[in-house]
Amino acid sequence: MEFSLNKYYYKSEDLFKRLPSDELAHLEKTIQQKSIRKKKMLFKQGSHPAGVYILTKGKIKMYQSNPGDRETIIYFYTAGDVMGYRPMICQEAHPLSAAALEDCSYLFIPREAFLKMLKQSPSLSNLLLETLGHEFSVWVSSMSFFASQRVKERIVLALLKLHEIYRPEDGGKVIIRLNRTDFAGYVGTAKETLVRVLGELKKKNMIASEGSKIRITDREALIGMLR
């Protein structure tokens, strides 16, 4: 079976840039520029949504807290991704927490301004439906894979997805900078198991690593493990 990473990874674009120019100009009047330091929380699981976040620099992890202070990381957001609108549309609390993996900058649209625009703009509604549809398909495929595959295959898929998440905009070398605790929380395995599997992949020259940094050296070989 041919492997396609697009089935498991969807990079959204800043959907607000696709709005008609007049609507975008109106929305820009409400936008606030903000930043957040590494390891600080953007919002907490169970909190009331305050608005929409458009990440312009850095990376954010979305995670669920479990007993014993363990984290299950559900998703990583990078520059251009939009966060926080789903619970507002559903009129629910945030189902996940969001924290900065590194120093981040973002644009913030207050709740009232976003909901007002949503009521007035069919374009925004259609764009949100399109994005939600893509993300849901990717989420279902990823959850199905992680539920049915062995831990080694889950780690390999995670590496391939992280390779895209950490891909620099200038097309330079991709270095995955993620500590082993967060990596294990993303895969859903023990840290010791993750370290062992990464060691095996390193011995086979599929990856190179130094500290928390990982670089894929044989992408085709990794993909071959998932076919």
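As the structure is a prediction and not an experimental result, all values here were calculated from the model.
- The pair R37-D103 meets the salt-bridge criterion, since a charged nitrogen lies less than 4.0 angstrom from a carboxylate oxygen.
- Considering CG of L194 and CD1 of I155, their distance stands at 5.0 Å, rounded to 0.5 Å.
- For S137 (side chain) and G133 (main-chain N/O), a donor-acceptor pair under 3.5 Å exists by modelled atom type.
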message: Please determine whether side-chain contact (heavy atoms from CB on, under 4.5 Å) holds for the pair L42 and M83, giving the CA-CA distance in whole Å, both sets of side-chain angles, and the decisive distance to 0.1 Å.
response: CA-CA 10 Å; L42 191 62; M83 304 168 284; 3.9 Å; yes
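- With K7 contributing its side chain and S141 its backbone, the two residues share no donor-acceptor pair below 3.5 Å.
- A donor-acceptor contact shorter than 3.5 Å links the side chain of T217 to the backbone of I207.
- Side chains of L157 and L5 form a contact here, defined as non-hydrogen atoms less than 4.5 Å apart.
- Remark: M225 CE to K204 NZ distance equals 5.5 Å, nearest 0.5 Å.
- For the side chain to side chain contact (heavy atoms under 4.5 Å, CB included) with M117, the lone residue among L27, I109, L24, V52 that qualifies is L27.
- P95 approaches Q45 most closely through the heavy-atom pair O-CG, 3.5 Å.
- Contact check for T131 versus Y85: side-chain heavy atoms found under the 4.5 Å cut-off.
- The closest side-chain heavy-atom distance from V187 to T193 is not below 4.5 Å.
- A donor-acceptor pair is defined here as one N or O able to donate and one able to accept, closer than 3.5 Å; no such pair exists between the side chain of S105 and the backbone of S35.
- Of all the heavy atoms in P87 and P49, the pair that sits closest is CB-CG, 3.8 Å.
- Side-chain contact between L124 and F16: present, with at least one pair of heavy atoms (C-beta onward) separated by less than 4.5 Å.
- Using a 4.5 Å cut-off on side-chain heavy atoms (C-beta onward), V197 and T189 make no contact.
- With hydrogens and angles ignored, the 3.5 Å screen pairs no side-chain donor or acceptor of N126 with any backbone N or O of S123.
- Residues L162 and I216 are not in side-chain contact: their nearest non-hydrogen atoms beyond the backbone lie 4.5 Å or more apart.
- Under 4.0 Å is where a charged nitrogen must lie from a carboxylate oxygen, and between E71 and K61 at least one such pair does.
- Note that the CD atom of Q64 and the CD1 atom of I73 stand 12.0 Å from one another [nearest 0.5 Å].
- Qualifying ring-ring contact (aromatic ring centres under 6.0 Å, His included) partners for Y186, counting only residues two or more places apart in sequence or in other chains: F76.
- Hydrophobic clustering of Ile, Leu, Val, Met, Phe, Trp and Tyr side chains at less than 4.5 Å, counting indirect connections, unites I31 with V82.
- Nearest heavy atom pair, residue F43 against residue S47, reads CB-OG, 4.1 Å.
- In this structure, the side chains of P110 and Q32 come closer than 4.5 Å at one or more pairs of heavy atoms.
- Although no hydrogens or angles enter the test, the distance criterion places no donor-acceptor pair under 3.5 Å between the side chain of R154 and the main chain of S148.
- Ion pair R196/E200 flagged as a salt bridge, since at least one NZ, NE, NH1 or NH2 atom sits closer than 4.0 Å to an Asp/Glu carboxylate oxygen.
- Applying the ring pair (Phe, Tyr, Trp, His ring centres under 6.0 Å) rule to pairs touching residues 145-166 yields Y8-F145, sequence neighbours excluded.
- Once rounded to the nearest 0.5 Å, the distance linking CD1 of I165 with CG of L160 reads 11.0 Å.
- Put simply, NE2 on H48 and CE on M88 are 9.0 Å apart, with the number rounded to the nearest 0.5 Å.
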- request: Take Q33 and L107 through the test side-chain contact (heavy atoms from CB on, under 4.5 Å) and record every step on the way to the result.
  value: CA-CA 5 Å; Q33 295 190 15; L107 303 177; 3.5 Å; yes
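- Side-chain contact check for H94 versus K44: every heavy-atom pair is 4.5 Å or farther apart.
- Ionic pairing of E153 and R150 is present here: one or more N-O contacts between side-chain nitrogen and carboxylate oxygen are shorter than 4.0 angstrom.
- Cluster annotation: I89 and Y75 are assigned to distinct hydrophobic clusters (Ile/Leu/Val/Met/Phe/Trp/Tyr, side-chain heavy-atom contacts under 4.5 Å, transitive).
- Interatomic distance, L159 CG to F183 CZ, rounded to the nearest 0.5 Å: 4.0 Å.
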